[in-house]
Amino acid sequence: MTDTTRNARGGVPERPSLDGIEETWARRWQSDGTYTFDRTKERSDVYAIDTPPPTVSGELHMGHVFSYTHTDTTARFQRMRGRTVFYPMGWDDNGLPTERRVQNVYGVRPDPALPYDRHWRPPAAPVDDAARKNPTAISRRNFIELCELLTVEDEKAFEELWRRLGLSVDWSLTYTTIGSAARATSQRAFLRNLARGEAYQAQAPTLWDVGFGTAVAQAELEDRERPGAYHRLRFTGPDGREVLIDTTRPELLPACVALVCHPDDERYAGLVGAAVRTPVFGVRVPVRAHPLADPAKGTGIAMVCTFGDLTDVTWWRELRLDTRVVIGRDGRLLPEPPAGVPAGPYAAVAGQTVNGARRTLVQLLADAGDLVGEPRPITHPVKFYERGDRPLEIVSTRQWYLRNGGRDTGLREELLARGRELRWVPEHMRHRYEHWVGGLTGDWLVSRQRFFGVPVPVWYRLDDTGEPDWSQPLTPDEAILPVDPTSEPPPGYQESQRGEPGGFAGDPDVLDTWATSSLTPQIVGGWETDPDLFSRVFPMDLRPQGHDIIRTWLFATVARAHLEHGTLPWATAVLSGWILDPDRKKMSKSKGNVVTPMGLLTEYGSDAVRYWAANGRPGTDLAFDPAQVKVGRRLATKLLNASRFVLGPGAADALRAPVTAPLDTSMLAELSAVVATATAALDGYDHTAALVATESFFWRFCDDYIELVKERAYGAGPAAESARAALATALSVQLRLFAPVLPFVTEEVWSWWRHGSVHRATWPTTHEVGQAMAAPGDPGLLRLAADALGQVRRAKSERKLSMRAEVPLAEALGPAALLDQLATVADDLRSAGRIGKLDLLPDRTTELVVACAF
């Protein structure tokens, strides 16, 4: 804890320390409301940030510290520029990550068929591996309650770390993506999309994660290299012609609906329009031509199955082929064969897993003599859900979609135009957005077959046979949102009519977590619930985020704002790079190279960790380097000690006195240039350039200027008063320049001699620095004096003398004009170098040379 014993010098502690200042100032900022948003300000005086809500289903890591420090630096800078900063914190707590965490922690699984048990209590957590492998089935509602319970505890831990890091958020604005306000906002937006025809339902081939049992959107896919094998199968063409195809998925043979070749491939020109028979099953399928067929791949003719991959879906749709679905939602082959496929051979694979069916069919093909040669091992990219661990399948399901330009060229062009309207930092990140939007192949699939999420707010009438009418969903009035159709009846119905002929059924699905996260500006801004607040913060000023989720979070937020409000959701997007380990590999849990921040914050202090983070520019990856954190600790310590010295000779009382001495005005002139550089850099969201300029000057200030003036500063008379005034001005300005990056140590020092918080002080300006000088200063003068002092120090060091050793005689040689300048600071040079006599010898050398005699 900082020493609170104050000496006679106006509040400077005798033994200043960094220990404990995080707890002290976090409490003070909270009690004083230092970062409270002032909602009485006009929109022009507001700086609004759409903060990324971190997923609370795991631990915070250095990547979080990296990017959130950048955002906080901007928030603090804008606050000191006179803006009231709208800076909320959110928790992204719904969706698959939370469900998986709950299942692993408590060893449970949701079963919608089970009734709610209000007496059920979760087991002590965490459970052992046996409980995870054989989870206890609980009702959907019990499972959701368990998700809510765990997320509350996770959020407490996250908030503790963010406060420790010093994020200047207004904690009264905290929101969650599963909270009532978020659910209502998400459902309201969806219902309006539905009313405008932007949301629609369709039965279609769907990317399906077997492990999670849910549909997956295009934006959530990733390719992973996996081992496989090409199998060459013999089809039988007209007149017994042999037609060979290569496939990595022989288990989909019963789902085959066609063979496809390229229109210009002469090898198969005679087959196009004819039919061939599949091996093992003997089903007649047509041969069609399509430009996506690659003549150079395999045998040049491909088997089309419903569905093996996304190309199959394209061929099926554009060639209007039959549908023979064989894989169910559980990842097993369906128990009954599709229409037209004989039951006899299909019985051998019915109910099997994909891998099991593959082995069985390969054997059947070999036994029939229709497997040509041995399977050829390959490694190829396979589609996975980004959070899943099993390859995706494509199954036919009924899902909800939002129009996003994937099938509408007009909307696509509008969203591309929005991307050009947005300010990107760095600018080249816009190309990633354009590449994604330009490459969309379908609309945004937003429904998920999960539990802990925002319910799709619709019901369906049941006809006299109990079948749902999908074409006219029942919707609630916005005034009663949020709703849960699985536990509430639609308007005009009773709960007793649920599932009954002539009654209703609630949509069992929830919305994709991005369908809610894409509305964070509306959620925190009070869209439709607080019009006054919304008018002051929307569209927002800043969206900070990782570059890897441009395709998901950024694009989705732009699309939702465009459709609902006809505008961008914010003016600027600042993209963060990745954190790499010391070997420059991306940190990830799967690689086991993740560094968690709390230990570093405890060992080195929050300012030191923030310093490391601030050394990474937007859009640029940064390697984690503990040595850089140590540099940050050293800087914070030096700032503490240098400030104590500056305030020692009474500089606090000389803050607004005129600065007259040439060396003092020279230092302030250089500082004025630093203020201009740092301000321009922060205006351009280049916090690293601002820090580099400030830190470089600070070390020159400590090593050169303070050493040159410290004896004069303790003296009396106008020269001494000038030194003290210059020291005070320089300290005040530098504390404010450092404050966005080093909030704790700057607040600590500020409290020794200034009223209020440094974070509510005005940002320094060149005008302010200029006003402190009685006459304009020459920045080169301080550099000249520092050069001369440096030569004296080197002379002592070469003779292994103490820096306090006396120099009886020193001779300064150089151009006359240069020595005339040096003469104006000769007294300070003699004092700092402990020089008895200083002779100036003009025009002896072409540059400054200081020779010392001992």
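All values below come from the heavy atoms of this structure, side chains included, with hydrogens, waters and symmetry mates left out.
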May I ask you to decide whether [X] forms a salt bridge with [Y], counting only side-chain N to carboxylate O separations under 4.0 Å?
{"X": "Glu159", "Y": "Arg163", "result": "yes"}
{"X": "Arg783", "Y": "Asp787", "result": "no"}
{"X": "Arg712", "Y": "Asp828", "result": "yes"}
{"X": "Arg830", "Y": "Asp839", "result": "no"}
{"X": "Asp683", "Y": "Arg81", "result": "yes"}

[X] side chain near [Y] side chain, heavy-atom distance below 4.5 Å:
{"X": "Thr71", "Y": "Leu167", "value": "no"}
{"X": "Phe738", "Y": "Phe698", "value": "yes"}
{"X": "Tyr705", "Y": "Asp664", "value": "yes"}
{"X": "Pro16", "Y": "Glu748", "value": "no"}
{"X": "Leu737", "Y": "Phe697", "value": "no"}
{"X": "Arg834", "Y": "Arg804", "value": "yes"}
{"X": "Phe744", "Y": "Arg164", "value": "no"}
{"X": "Leu819", "Y": "Leu848", "value": "yes"}

Without swapping roles, check the side chain of [X] against the backbone of [Y] for a donor-acceptor pair under 3.5 Å.
{"X": "Glu670", "Y": "Leu782", "answer": "no"}
{"X": "Thr845", "Y": "Gly814", "answer": "yes"}
{"X": "Ser732", "Y": "Thr729", "answer": "no"}
{"X": "His687", "Y": "Thr74", "answer": "no"}
{"X": "Thr51", "Y": "Met89", "answer": "no"}
{"X": "Lys796", "Y": "Val807", "answer": "no"}
{"X": "Arg724", "Y": "Ala651", "answer": "no"}
{"X": "Ser67", "Y": "Gly63", "answer": "yes"}
{"X": "Arg423", "Y": "Ala571", "answer": "no"}
{"X": "Ser797", "Y": "Arg793", "answer": "no"}

Give, for atom [atom1] of [X] and atom [atom2] of [Y], the distance between the pair rounded to the nearest 0.5 Å.
{"X": "Phe701", "Y": "Leu708", "atom1": "CZ", "atom2": "CG", "result": "11.5 Å"}
{"X": "Asp686", "Y": "Arg617", "atom1": "CG", "atom2": "CZ", "result": "4.5 Å"}
{"X": "Asp38", "Y": "Asp170", "atom1": "CG", "atom2": "CG", "result": "10.5 Å"}
{"X": "Thr572", "Y": "Asp50", "atom1": "OG1", "atom2": "CG", "result": "12.5 Å"}
{"X": "Asp607", "Y": "Thr746", "atom1": "CG", "atom2": "OG1", "result": "6.5 Å"}
{"X": "Leu639", "Y": "Glu695", "atom1": "CG", "atom2": "CD", "result": "10.5 Å"}

*Are Val659 and Met667 close enough, and set up right, to give a side chain to side chain contact (heavy atoms under 4.5 Å, CB included), and what steps lead you there?*
CA-CA 10 Å; Val659 177; Met667 180 272 294; over 6 Å; no
Testing the basics here: between [X] and [Y], what is the closest heavy-atom pair and its distance to 0.1 Å?
{"X": "Arg844", "Y": "Leu813", "answer": "CB-CD2, 3.5 Å"}
{"X": "Ala636", "Y": "Val745", "answer": "O-CG2, 3.5 Å"}
{"X": "Gly166", "Y": "Asp72", "answer": "O-OD2, 3.4 Å"}
{"X": "Leu784", "Y": "Leu818", "answer": "CD2-O, 3.6 Å"}
{"X": "Arg736", "Y": "Val758", "answer": "CG-CG2, 3.9 Å"}
{"X": "Met62", "Y": "Ile579", "answer": "O-CG1, 3.9 Å"}

*Other residues, nucleotides, ligands: >12 heavy atoms within 6.0 Å of Glu427 CD*: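 Enclosed: over 12 neighbouring heavy atoms sit under 6.0 Å from CD of Glu427.
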*State whether the number of non-hydrogen atoms from other residues, nucleotides or ligands found under 6.0 Å of Glu806 atom CD is greater than 12.*
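Yes, because the 6.0 Å sphere around CD of Glu806 holds more than 12 heavy atoms from other groups.
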*Give the intermediate values and the outcome of salt bridge (Lys or Arg N to Asp or Glu O under 4.0 Å) for residues Lys710 and Asp703.*
CA-CA 11 Å; Lys710 62 183 178 184; Asp703 296 343; over 6 Å; no
Side chains of [X] and [Y] only: does a donor on one sit below 3.5 Å from an acceptor on the other?
{"X": "Tyr35", "Y": "Arg76", "result": "yes"}
{"X": "Arg700", "Y": "Ser696", "result": "no"}
{"X": "Glu747", "Y": "Ser757", "result": "yes"}
{"X": "Gln78", "Y": "Asp541", "result": "no"}
{"X": "Gln30", "Y": "Trp171", "result": "no"}

*Worked verdict on Tyr87 versus Phe37 for side chain to side chain contact (heavy atoms under 4.5 Å, CB included)*: CA-CA 8 Å; Tyr87 188 16; Phe37 172 67; over 6 Å; no
*Show your working on side chain to side chain contact (heavy atoms under 4.5 Å, CB included) between Leu682 and Thr73 and close with a plain yes or no.*
CA-CA 9 Å; Leu682 288 170; Thr73 297; 4.2 Å; yes
*Kindly confirm or rule out a cation-pi arrangement of Arg28 over Trp750, judged by NZ or CZ under 6.0 Å from the six-membered ring centre and within 45° of its axis?*
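Output no; distance or angle outside limits.
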*Do Arg634 and Trp699 meet the cation-pi criteria used here (NZ or CZ under 6.0 Å from the six-membered ring centre, within 45° of the axis)?*
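Positive - Arg634 is close enough to the ring of Trp699 and near enough to its axis.
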*Apply the test side chain to side chain contact (heavy atoms under 4.5 Å, CB included) to residues Thr602 and Met598: give CA-CA distance (whole Å), side-chain angles for both, the deciding distance (0.1 Å), then the verdict.*
CA-CA 6 Å; Thr602 302; Met598 189 55 86; 4.3 Å; yes
_Using ring-ring contact (aromatic ring centres under 6.0 Å, His included), reason through Phe66 and Trp578 one step at a time and then give a plain yes or no._
CA-CA 9 Å; Phe66 178 63; Trp578 279 330; over 10 Å; no
